[in-house]
Amino acid sequence: MWRVARSAESSLRQSRRMMSTAIPGPCIVHKRGADILHDPLFNKDTAFPLTERDRLGIRGLLPPRIISFEQQYDRFMESYRSLEKNTEGQSNKVVSLAKWRILNRLHDRNETLYYRTLIDNISNFAPIIYTPTVGLVCQNYSGLFRRPRGMYFSAKDKGEMMSMIYNWPAQQVDMIVLTDGSRILGLGDLGVQGIGIPVGKLDMYVAAAGINPQRVLPVMLDVGTNNQKLLEDRLYLGLRQPRLEGEEYLSIVDEFMEAVHARWPKAIVQFEDFQMKWAFETLDRYRKKFCMFNDDIQGTAGVALAGLLGAVRSQGKPLSDFANQKIVVVGAGSAGLGVLKMALQAVSRISGSTADPHFFLLDKDGLITKERKCIDHAAVPFAKSQSEIGELGLSEGSSLLEVVKKVKPHVLLGLSGVGGVFHEEVLKAMRDSDSIKPAIFAMSNPTTNAECTAIDAFKHAGENIVFASGSPFDNVDLGSGKIGHVNQANNMYLFPGIGLGSLLAGARIITDGMMQAASQCLASYMTDEEIQKGILYPSLDSIRDITAEVGASVLRAAVAEEVAEGHGEIGPTELSHMSKDETIRYVKENMWYPVYNPLVLEK
Ligand SMILES: NC(=O)c1ccc[n+]([C@@H]2O[C@H](COP(=O)([O-])OP(=O)(O)OC[C@H]3O[C@@H](n4cnc5c(N)ncnc54)[C@H](O)[C@@H]3O)[C@@H](O)[C@H]2O)c1
Ligand SMILES: O=C(O)C[C@H](O)C(=O)O
Ligand SMILES: [Mg+2]
């Protein structure tokens, strides 16, 4: 079931070749003249050939020399490299924001060139357009704001959304990422400024999943903010009112979902960075009615589970040993609970075990047990009974340090949003782990909110650990030529494939089975050789390839679960007749790749 993968790099090269040799088909446009130059979806800057300049009425609106796409690409990369040089020695914040600005300017001007540079430099650029810099961008949104991107629905728009949705200029939308800004990474309630997250996630959709940028829609549901600082900030661009609660809140989300469904019934909606209560509530409310998922609960769970299974393999053990792994999860929020729920399903599926798994869950008040008053219902299955932990000398509210010392876990996984909770003593206690390769996953974002740094993890917990973090850290030089490998356990390895697979399946809904298929595909992508080196996730450079495979697995699961209704010309019967390889090929062929298409004006 869990196969070992062949070389990711070779198939990436193959898929790139396939995409770059395809002859670009014409693209119908409904505008001409300066309007074309000002539309980033169609603008080619100085690369418009003369015939097109004539056809579209832009001859004379550009300098005469025609520059090729490759020359434009080189020119941009040169200016990016000089910016890197010119900002050397400046603070991380200044450098990151300067890099974000230069990329954002290109995004505003010429999307084809922007996405090509993104795809070809994904390892370098993902940390700028996505985590962690996107967090900084959200924090500074009011100051950075130049032009809107996506749509904004506010509490004041109640009753108007069905007509507002038609203000979006694109005829077709495939992928929507929606936030209410209430829990942006580990940075808390950032109100309307959280729009940066859907924008960054959709950039990853275009780069990794080849979703056509003309068909993506970032959305902010502004229902107010409880962030006092923002409410008092005169430059704040959102509603200056406390967050709506209860039925009032839900009626806004309901109205939005109905409006989207009315205009684009096949669009997929990804819920992102909602505070826990609404994350769970909205997932429950909509998952059987719309094609939607919650990335923080479900995408994160799939990525974490793939990493946890990698950690089992790294110990030289069969996957069935997963049931014996002692896993301490720090953070009982939407992400932590999502991970444990999926891990619980995996224990019985993979190892056939019906025994209680060895999971320990902590939140800000320490170890969660059945003694806890006011326990969240989603946490109940993971609360320990006194009889289970009594002989370890643990009790309700035991501290993280106590738990690690007594449990000697195989895995310590953080989704608390609190920087540094895996402090020196906790990490040192992991040296006594019952695993020969203790796993430390500091999954909170952005970088300053990571439970520990990579350097501290290797320094205090020892060189034999396997390490993963949600935000990127450099590999650690352990001396004598040895490298401590840093994995990025981030849901970016799954959400693009979940969206793409669901889209191409024409899925009515997104099932748990489709999520499991995604996680399983990611887990089995890694070779034993890589796992032995502590490499649990593929290189970001192969994100397009892994996304195609994840997408195909999701699609096949949708077909198997009979929720696939087909996409475009390809109906469910044809999908069900595709072999695994044919499905992967089908997915790859449907991935958009940035090239300058000849533009044809339709009058
Ligand atoms: N790497 C990824 O792919 C990924 C995915 C989703 C979320 N995250 C990150 O996980 C973090 C949490 O997200 P969430 O949606 O679960 O948030 P949340 O607010 O729903 O939950 C946070 C949890 O952490 C607990 N907590 C707070 N302080 C703590 C402490 N000192 N010790 C132990 N527990 C503590 C809280 O009690 C709560 O249970 C965020 O930083 C987010 O960026 C990462
Ligand atoms: O956005 C990320 O980088 C991952 C995750 O969705 C998060 O909320 O932290
Ligand atoms: Mg998120």
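Order of listing sets the numbers, starting from 1, for every ligand and every atom in it. All values derive from a computational prediction rather than experimental measurement.
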Problem set entry | Residue A332 vicinity, atoms of ligand 1 by number, heavy atom under 4.0 Å | 23 (C), 38 (C), 39 (O)
Exercise. If you count the atoms of ligand 1 from 1 in the order shown, which ones are under 4.0 Å from a heavy atom of A335?
Worked result: 6 (C), 7 (C), 14 (P), 15 (O), 16 (O)
For this session: From atom 25 (C) of ligand 1, work out which of G186, G307, G331 has a heavy atom at the shortest distance.
Result: G331
Problem set entry | Short N-O contact, E281 and K277, less than 4.0 angstrom | no
Exercise. Identify the closest protein heavy atom to atom 11 (C) of ligand 1: which residue and atom is it, and at what distance?
Worked result: S444 OG, 3.5 Å
Problem set entry | Atoms in ligand 1 with a heavy atom of G470 nearer than 4.0 Å | 1 (N)
For this session: Compare all side-chain heavy atoms of D189 with those of R183 and state whether any distance is below 4.5 angstrom.
Result: no
For this session: Check the pair K406 / D432 against salt bridge (charged side-chain N to carboxylate O under 4.0 Å, His left out), numbers first and verdict last.
Result: CA-CA 10 Å; K406 305 262 171 64; D432 293 327; over 6 Å; no
For this session: List, ordered by chain and residue number, the protein residues whose closest non-hydrogen atom lies under 4.0 Å from any atom of ligand 2.
Result: Y130, T131, R183, L185, K201, E272, D273, D295, D296, N445, N490, N491
Exercise. Could you walk me through whether M526 and I535 pass the side chain to side chain contact (heavy atoms under 4.5 Å, CB included) check?
Worked result: CA-CA 8 Å; M526 307 308 292; I535 305 176; 3.7 Å; yes
Problem set entry | Stepwise side chain to side chain contact (heavy atoms under 4.5 Å, CB included) test for L185 and D273 | CA-CA 7 Å; L185 307 177; D273 289 9; 4.0 Å; yes
For this session: For D296, take its heavy atoms, then give the atoms of ligand 1 lying under 4.0 Å from any of them.
Result: 6 (C)
For this session: Could you tell me whether D434 and K326 have a side-chain N and a carboxylate O separated by less than 4.0 Å?
Result: yes
For this session: State whether the side chain of E402 and the backbone N or O of S399 hold a donor-acceptor pair below 3.5 Å, judged by distance alone.
Result: yes
Seminar exercise, completed: In ligand 1, the atoms that come under 4.0 Å of a heavy atom of M276 are 20 (O)
Exercise. Does the ring of F360 carry K384 above it, NZ/CZ under 6.0 angstrom from centre and within 45° of its axis?
Worked result: yes
Exercise. Taking it one step at a time, do E388 and H358 satisfy side chain to side chain contact (heavy atoms under 4.5 Å, CB included)?
Worked result: CA-CA 10 Å; E388 287 173 288; H358 311 282; over 6 Å; no
Problem set entry | Identified side chain to side chain contact (heavy atoms under 4.5 Å, CB included) partner of P438 from the options M430, Q315, H410, K408 | M430
Exercise. Any idea which atoms of ligand 1 are less than 4.0 Å away from a heavy-atom of T300?
Worked result: 4 (C), 5 (C), 6 (C)
Exercise. Of V418, D363, N445, which has the heavy atom at the shortest distance from atom 32 (N) of ligand 1?
Worked result: D363
Exercise. Does R183 reach ligand 1 with a nitrogen or oxygen that is under 3.5 Å from one of the ligand's nitrogen or oxygen atoms?
Worked result: yes
For this session: Identify which protein N/O/S atoms are less than 2.8 Å from the Mg ion (ligand 3).
Result: E272 OE2, D273 OD1, D296 OD1
For this session: Indicate, as side chain, backbone, both or neither, the part of A489 found under 4.0 angstrom from ligand 1 when only non-hydrogen atoms are considered.
Result: backbone
Exercise. Of the protein's non-hydrogen atoms, which lies at the shortest distance from atom 10 (O) of ligand 1, and what is that distance?
Worked result: L415 CD2, 3.4 Å
For this session: Please determine if D203 and R149 form a salt bridge, counting it only when a charged side-chain N lies under 4.0 Å from a carboxylate O.
Result: no
Exercise. Out of curiosity, is V421 lining ligand 1, as in a heavy atom under 4.0 Å away?
Worked result: yes
For this session: Please verify whether a non-hydrogen atom of V303 lies at under 4.0 Å from ligand 1.
Result: no
For this session: Select the closest option to atom 21 (O) of ligand 1 among A442, G333, S182, judged by heavy-atom distance.
Result: G333
Exercise. So, for C291 and A507, which heavy atoms are closest and what is the spacing to 0.1 Å?
Worked result: SG-O, 3.4 Å
Exercise. Out of K364, Q488, M443, whose heavy atom sits nearest atom 36 (C) of ligand 1?
Worked result: K364
Seminar exercise, completed: Among A450, G338, G417, S416, closest by heavy atom to atom 22 (C) of ligand 1 is S416
